[in-house]
Amino acid sequence: MNTSNAVSQGVQTPGKPLNSEHKIFQNQSQLWAQLDKVRRPLVFTNGCFDILHRGHVDYLEQAAQLGATLLVAVNSDESIRALGKGEDRPINSLADRLAVLAALGFVDLAIGFAEETPLELIRLCRPDRLVKGGDWPVSEIIGADLVQVSGGTVHTIPIRYPCSTSKLLEKIRTAKN
């Protein structure tokens, strides 16, 4: 049987999941139940990831290389609005953003969070590596102190491909008018 036909017909290829939904956790309790099965070192990062672009993908791929498991925490729709990103943001719903991230082969786990910061998730997960983009000084990374006190490390990933979702949206809006 042709595997491309099998996928289009919804038939699962042996040894490969049909989709990446199994990487997405709906709440902290679900994640907590799986944390003892996660391969270490656990790498934790977070962000909005509203419109996934090359900068995001490069950053996440580099973050994944710092450990055995990459967990991406994603701001809820409400928390993005609270960050003042714009009245029409996010463009993509939390469910859609989680699905796109989970489809990346180097993302192992994904979860949304509604709080202003991911501090509670960091406490829950006890990551070995905490990662943010190079535009974040370590002193301003939420949870850095918790990770360092427990023997973990905090990393900033240099920005190799400067991209901005806000600038991308501005470009789209300008081209549309």
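When reading the values below, keep in mind they use all heavy atoms of this one structure, side chains included, and skip hydrogens, waters and symmetry mates.
- Nearest heavy-atom pair, D77 versus N92, reported as atom, atom and distance to 0.1 Å: OD1-O, 4.1 Å.
- Hydrophobic clustering, with ILVMFWY side chains joined whenever heavy atoms are under 4.5 angstrom apart, groups V74 together with I157.
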Show every donor-acceptor pair shorter than 3.5 Å between a side-chain atom in residues 118-126 and any protein atom, with sequence neighbours excluded, or say none if there are none.
unit_1 : atom_1 : unit_2 : atom_2 : d
E120   : OE2    : R123   : NH1    : 2.6
R126   : NH1    : L124   : O      : 3.4

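- Cluster membership check: L52 does not share its hydrophobic cluster with I111, using side-chain heavy-atom separations under 4.5 Å among Ile, Leu, Val, Met, Phe, Trp and Tyr.
- At least one side-chain heavy atom of Q26 sits less than 4.5 Å from a side-chain heavy atom of I24.
- Taking 4.5 Å as the limit, every side-chain heavy atom of Q148 sits out of range of all side-chain heavy atoms of L130.
- Between E21 and A99, the shortest heavy-atom distance links the atoms OE2-CB, 4.0 Å.
- Checking R89 against S166 by side-chain atom types alone, a donor-acceptor pair falls below 3.5 Å.
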**Study point:** Working for side chain to side chain contact (heavy atoms under 4.5 Å, CB included), residues L169 and K171
**Key:** CA-CA 5 Å; L169 287 170; K171 184 177 177 181; over 6 Å; no
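- Within the model, atoms CD of E170 and OG of S164 stand 8.5 Å from one another, a figure rounded to the nearest 0.5 Å.
- Atoms CG and NE2, from D58 and H56 in turn, are 11.5 Å apart once rounded to the nearest 0.5 Å.
- Side chains of T153 and H155: a donor on one and an acceptor on the other come within 3.5 Å.
- Nearest heavy atoms, T69 versus L109: CG2-CD1, 3.9 Å.
- Shown here is E78, whose CD atom has more than 12 heavy atoms of other residues, nucleotides or ligands within 6.0 Å.
- When every heavy atom of R173 is checked against every heavy atom of I91, the shortest pair comes out as NH2-CD1, 4.3 Å.
- With a 4.5 Å cut-off on side-chain heavy atoms, R129 and F44 do not count as touching.
- F49 is listed as a side-chain neighbour of Y59, based on a closest heavy-atom distance under 4.5 Å.
- The closest side-chain heavy-atom distance from L83 to C48 is below 4.5 Å.
- Around CZ of R40, the count of heavy atoms belonging to other residues, nucleotides or ligands within 6.0 Å exceeds 12.
- At a threshold of 4.5 Å between side-chain heavy atoms, the hydrophobic network of Ile, Leu, Val, Met, Phe, Trp and Tyr places V131 and V138 in two separate groups.
- Taking each heavy atom of L70 and D108 in turn, the nearest pair found is N-OD2, 2.7 Å.
- Salt bridge absent: R81 and D88 never bring a charged side-chain N and a carboxylate O closer than 4.0 Å.
- Across all their heavy atoms, A114 and S79 have their closest contact at O-CB, 3.7 Å.
- Taking the centre and axis of the six-membered ring of Y161, the NZ or CZ atom of R54 falls inside the cone set by 45° and 6.0 Å.
- Looking only at side-chain heavy atoms (C-beta outward), L31 and L71 come within less than 4.5 Å of each other.
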